[in-house]
Every structure is written in C-alpha cells, then in structure tokens.
Amino acid sequence: MAETTGPAAPEDRSPSDRVDVCVVGSGPAGAILASRLAEAGHSVVVLEAGPRFDPGDDGTPPAARRRRQEDLLRPGGGDVWGMGGERDAFTSAGDRRYPLNAARVKGVGGTTLHWQGMVMRLHERDFSLRSRHGVGVDWPIDYADLRPFYADAERELGVAGASDNPYAPPREEPHPLPAFPPSHSDSIFAEACERLGIDMHSVPNARNSESYDGRSACAGYGTCKPVCPSGAKYTAESHVRKAEAAGARVIDRAPVQRLEHDRTGERVVAAMYATPDGSVHRQRARRFVVACGGVETPRLLLLSRSERYPDGLANSSGFVGRCFMDHLFAGVGGRVPRETRQNHVGFNTSECHQFYDDAEPVEGLKLEFLNYAGPSPVVEATRGDAWGDELLADLRDSYGHHLAVGALVEQLPRRENRVALDPSRTDDHGNPVPAIDWSIDDRTRAVIRRANRIQRRILDELGATVDWTVGPASTGPAFHHMGTHRMGADPGESVVDADCRTHDLDNLWLVGSGAFPTGGAMNPTLTIAALSLRAAAALDADL
Amino acid sequence: MRLTRRDALAALTALGAAGATAALAGRSPPVAGDESSKASDGGGASESGERVDAGSAESGDRADVAVVDALTAAAEVLYPSAVEGHREFVETVVRGRTDGRSVDREGLVRTVADLDATARDWYGAPFADLSPGERDDLLRQLGVASADPDPDGPIFARIRYHVVDDLLFALYASPTGGRLVGIENPVGYPGGTRSYRRARMPAADDGEGAGEDGEGAGETDDDSDPVEPSDVWVGVDDESSGGRDGG
C-alpha cells in the first residue's frame, strides 16, 4: 500500500508520485470508484477534463447554483454548465443528428450535475437477452452477481424508494430513504390506469426525501434537471469530496490526451494530460481507470492508438466505440378540464414497469407519469411580449391543466451505431473530435409506437385533449450513452471483462455505461454505480 | 394581492442573489420613510413619491434611490393591477440582487440612468414621474416588449434584461406571484415537497404548511419564510476543508 497523495495547492496540476490508481473522469463512475479505493488506503489521482464548479469563491455554493438556475429559467441565459464550443466539438452522422452536448457535463461531478436522478435496477432479463430471447447479447454477469452492489450503490447515492413495484427484481432490503409520495396528478392517472389494468408504482430517486449523507431534503426548487440548488439531488461531487477527504487528489481542467503503454503493450504506463497553462504532463500509476462516459472513453482509447494497437488502445476486438446505444423517449401529452398541479417539483413520483419484461416486442419499455407537463409560469412570464394584466391572463390560460406520460424505450446493440474519430475536425487541443453515427431501426420504432398506444389509451381514458405526441418520427435520445466498450467473457466480442478490466491490458479498467452489453430501458446511473463498486472491489484486491 | 418583503425575499432565492442573506439580515434600506407603500392611483406620481432627500444621501445611495424609484414605477406597469405594495418588494429585491454583484449593480444603474434620460427627452420628466400610461408607452416605443434581453446590449435590450425580465421573474418566482396564476410553489422557489401532492391551491393564510410539521430542512410553504441557503445546503461551510458533503 502506498502513501496517500494528500491535498495539493489548487493551481498545482503537476503529476503526483507513487500513485496506485489514476482515474480519468470524476463523474459517478470515476468518483465512486476513486472514493472507495482512497478509503481503502490506496493513493489515487483523478484527472478531470472540466472545471470544479462553484467552489465557493463566488458566494456560497447554493447562491452560485441558484444563479445557474436563474440562467436556466430566464431567456438568453446560456448553457448552465458551459458545454459547447471547440472543446466539446463533435460531428454527427446516421439518420439522426445526435445532440451530444445537450445533456452531458465536463466538470467535477460529471453529468450528475445535470441529470434527472432516476435510479432503477435493471431487470433480471436484461442480463440475458440472447439466452432468453435470441436478441442482443448476454452480460458476463447476471442480476444475482450485481445485486449486492446495487444495494451498496443505493446506499452510496441515497436512493429514496419503496418496495411497491411488483415488476422490479428481488431486493434484500428497503431503500435507504422513503419514497417521495405520489403527486396529485399521479392520482388523476391512477383513476384511468386502474380502469385500464395498468399498474402504477413509485419511482426510485437519487434525491433526498429527508436529510441524508450530509445533504438536505429536497427543497422543491423544481429545476432538478439541469441544476439542483439545494444539494438534495445526488451529484458525484459528493464522492469527489469523500475521495479527497480520504486522501485522493483531484486535478480539474486536466483533459487526458493519450494513454501510453509499455513496450509489450500489456500495461498502461502514463496518462498524458494538458493543463490550462499550456503544459502537458504525464501521470504515471500502477493502475489506470478510464471513466469519461460512453463517448469520451472510447474516444480516448481511439486517440491512444499505437503500433501495437493500430485500431485504438484495448481494441483488439474491434468493439471500442461500436454498439453505441441510447434510450429513446416516447410521450403523449394533453390537457384535461381539471387542475393537474404541474411544475411544483422537477422529478417524477410514479412510473410503470408492467410492459418492461414482455416478449413481444422484447425491447424494454418503461412508462413515466410526468409531474412537469406543460409550461411553467415563471418561464413563460419572460418569454412573451405582454406584461401587466394581459400577461397574467396569458399565464392563467396556459397553466393548470396539462398532463403527460413519457416512456423510455430500449435500443438493442448494433455495430453500425458507433462512436469514432472524425479526422476532418479537431478540438481545442488538436485532437480529432468524436463522430457519432447513430440510427434507429424498425424494431425500435415499433416499440415507440407501442408506447404511444399505451400512453394514448391512458389520456383517452381521462378524456384528455391530446396536444402532442413524441413518436417514431420525432423521438430523441435520453442521453444515456451505452455499449461502446462492452463487457463480455469473449475477448473477441467485447472490450472489458466482468470486472471492467480490459482484455488487452492488465492494468487498464473502463467503467461507466459504455460497459453495458445491452442497455434495457432503465436510467443507467444506478447500474453505473454498481459496476464501479464491483470494479473497485476487484481493483482493491488486485493492488 | 399585496406584495410583501417576504415575497421579495422569496424572489431573491430564485434570483440567485448572493445578497439574499444580507437582505434577510435586515440591513438598513437605501431609502427611508416609505414603509407604507401603496399602489399608485395612476395620477402621475408613483409609489416613489416618498423618496428620500437625495441631498442627504451618499452618491451611491442616490443611485440606489433612482434605481428603486424607476423600478417601482416600472413594476406598477409590468405587474397585474391586482398587485399592491410594489416599493417594498422592489427595494428588497434590488438590494439583495445587487449586493456583492458589482457588475449587476453597475449595469442596472446605467440602464436606469438611460431610461430616465430617455423619459426626460421624450416627456420632460424622469421615468418615475410619468403617468403609468406614459411609462407603458415609453417602454413599448423603445421596443422593450419584443426585445431579446441583453445586459450589455442596446438600451431596449438592457431595459428588457435589467428592468422587465428582472421584475417579472421576481414576481412570478414568488409564492404571491405564483398564486396569481394558480401555483403556490412556482419553479425557482424552494417551496418544499408538499404542494405537489395537493389537489388544489390552499388559501394563502390557511396555515397548511409543511414548515409547521417539521417535515424537512428545506420544507417551506405558502407563507413561511423562504429557505435560506444554509438550511438547504448542509455542510457548505465545510466546503473548503473538504469536510461534509454538499452534493
């Protein structure tokens, strides 16, 4: 066991000596793993491409977060987390433009700064779609393997949930926090769903229903995504702090440019990273963990190609960047002649997994009953030409009667959906930008249509006037980047093993949703956390 | 519906004002003698009629007085006629908004000066001394109604940003403003996690508030005080020492 690296001066971005583990990326996958390893006594350095937001130098963090919230709510406020520009450039191909920067964040805490915070376990069938249904690919682990790590992850994130979901996989203990009670609009939906035989149940939220882990209960700001001013929503900043408290060092604004391996090609020896002053450094370590998300992780591997790995580091299988998957959104919204009480909070309290495990079609489908359908008066107030009594009349007309049912739909892995490098365009460091080639096939479109039919039945049962439908033609991604360095037992068909260690290099680990062989239709972060905890345990044993 | 200082403090939490705490602490207001703010009757004098004697104030205070006068006069036009109590609300919002944010303050002062200069050019009096109809006409003739807000843009864009959008946002992000529309816990206001469960908006003074049952640290309700940052960000003071989690 090496000595801990300890805190460094804030502007000191030089490499540390005698490092056990270098983690690239401080989102949930990297931060949870870093904290666990630091707490186990290993020396850990985390290299984060983006900044440390709101460190307390501009008012208190809540004030800074509330200013970000105001930026969100007022017109012309710009991007809340500073995404875009040359640093984050990308290109998009396929029959769908992929809006990569719409919901990812580069910074300490990663995309959990922006995320919605819905945290479900995958269902048992998700781990064996090939065996059960002849589609997709099996995971090298099953639900039972991941089950204790799911429980661990729920404690780490502070999940508020209830054991009222008859379709959820078995669990061994209650959620750490009580679920948020159903909303008034949930009760409206419940009338229709009961008549239709559709079961509703609670939503597991990574959001404090009561104080937990040093963070307060939800204050009801209503802007969970993309910014929670109260700190009640879990962000990976929490685990960054834990990691630092345990002696880890986190270097922000230090984008890793390349991973360098030894002569044999069996071990990574250094992560080459840039710093704001224009310097380039090499962080050496015994183990390396890449945790940059489902786009930047494969990109870094592809950028790190060498004579030994001409198609990209750890890419003997050819699967790095391949099989890029997302969840598709489907939805139907409308109005009913009664008060629906929307936009009090920014999270959902009821959903439905009833159709998730069906065999025809086999792709997963999850319904969400929205608590934020229709416009918010606060946002509307600054968007129009009216003021005074005229504006108030407009706001009263637009608010109060909206309802909507959303859904996430599974997309199966296909090699042609991929993240590659675009040599025709470079980022702010001269590196080729990621090229997203993403299309939706007929199978997925059919599931979206099925979701729409169910959603329409519910709204029709309520006598709603349907105002909009997001269907196969208008669907978009949920920004869950999965599959691009998938795990598997066969080194010829996968990039990492069941512990998230690459098949090709002994000391290189890739964590995050890129490791998912299939993605189900559940929001991925709880599974990301569970896999990171599992990888941390394996790494700890390996060190 | 009467706006109160409490509404202004609620608005400040949504406005991301670093000065919210200072405002909550009850520092001396930049203007005095106008606690009994009352809506203008449209006769040409706004609530700013009880302005402090500028000659007895510091230069910074004079600018603050002008800002509060102009924004109060603007609020009387921009807010629905059912709203009363503009001055105290505006005064508190302005103070909380600009305290410690020199860029915002300078932009606001400059914009109000330009607005007053335009009012003098067109109507021979500062904005606050115009009738409500004249104020409305001036804003519309400047193109403010359809302008895109820009704190560094031309005058109409700056007025849209610093005056119109600031005031509209402050009103409708407060429980009182939300109530006008039908939502007592509008987006941007930390109104707790009970309101979303109710079938209808309770009366403002019915005492049905989560803050009374001690349900959660961030729990507030209709007429309870807005949540202060220290209440909803446990451990923030330990940030620099890497102590407790702040999420």
Side-chain angles (χ1 to χ4, degrees), chain A residues 7 55-56 59-63 66-70 73-76 180-184 210-211 213-223 229-235 237-238 241-242 244-245 339 341 343-345 371 376-379 381-382 385 387-389 391-392 395-396 399-400, chain B residues 13-18 20 77-82 100 136 145-146 148-150 164-165 168-169 171-173 178 180-183 185-193 195-200 215-220 227 229-236 239-240 242-247:
Chain A
T60 62
R66 281 186 281 117
R67 279 198 286 280
R68 293 184 189 281
Q69 175 185 257
E70 183 189 343
L73 296 175
R74 287 178 56 151
F180 287 92
S183 64
H184 169 62
E210 55 191 41
S211 296
D213 201 23
R215 295 180 288 116
S216 81
C218 174
Y221 276 100
T223 56
S230 74
K233 180 183 80 171
Y234 169 84
T235 77
E237 293 166 296
S238 175
R241 291 194 184 92
K242 290 179 181 178
E244 290 179 315
E339 287 188 61
R341 309 277 291 163
N343 284 306
H344 288 244
V345 291
N371 284 334
S376 157
V378 179
V379 174
T382 54
D385 295 352
W387 53 57
D389 289 335
L391 172 61
L392 178 58
L395 297 176
R396 285 174 170 167
Y399 176 76
Chain B
T13 65
L15 285 165
V77 172
L78 299 171
Y79 288 177
S81 54
D136 187 85
S146 57
D148 290 329
D150 182 352
V164 176
D165 283 358
L168 291 178
F169 190 79
L171 174 65
Y172 288 108
L180 291 168
V181 184
I183 177 169
N185 181 18
V187 166
Y189 174 70
T193 53
S195 70
Y196 80 87
R197 295 179 248 164
R198 295 192 189 112
R200 60 188 59 83
E215 187 172 295
E219 201 78 10
T220 68
V227 180
S230 57
D231 292 332
V232 296
W233 192 281
V234 179
V236 63
E239 170 93 9
S240 59
R244 300 162 69 186
D245 300 318

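Every chain is numbered from 1 and lettered A, B, ... according to where its sequence line falls, protein lines coming before strand lines. The structure presented is a predicted model; accordingly, all values stated were derived computationally and were not measured.
Side-chain atoms of B:R200 never come within 3.5 Å of backbone atoms of A:E339 as a donor-acceptor pair (strictly under, hydrogens ignored).
Residue A:Y399 comes nearest to B:G182 through the heavy atom pair CE2-O, 3.8 Å, listed as atom of the first residue, atom of the second, then distance. Nearest heavy atom pair, residue B:P186 against residue A:V378, reads CB-CG2, 3.7 Å. Taking each heavy atom of B:R198 and A:R341 in turn, the nearest pair found is O-NE, 3.1 Å. Nearest heavy atom pair, residue A:H344 against residue B:N185, reads O-ND2, 3.4 Å. Minimum heavy-atom separation, A:N343 to B:V187: O-CG2, 3.4 Å. Residues B:S146 and A:D385 approach most closely at CA-OD1, 3.7 Å, considering heavy atoms.
Interface remark: of the candidates A:T223, A:L391, A:V379, A:L391 forms the most heavy-atom pairs closer than 4.5 Å to chain B. Counting heavy-atom pairs closer than 4.5 Å to chain B, the top-ranked of the candidates A:G222, A:P182, A:P181 is A:P181.
For A:S183, the side chain to side chain donor-acceptor pair (under 3.5 Å) test picks out A:S185, A:D186, A:N371, with sequence neighbours left out.
Using a 4.5 Å cut-off between heavy atoms, B:D148 makes no contact with chain A at all.
Taking 4.5 Å as the limit, every side-chain heavy atom of A:T382 sits out of range of all side-chain heavy atoms of B:Y172.
With values rounded to the nearest 0.5 angstrom, A:F180 atom CZ is found 6.0 Å from B:T193 atom OG1.
For the 3.5 Å distance criterion, the side chains of B:S81 and A:D389 qualify, holding a donor opposite an acceptor.
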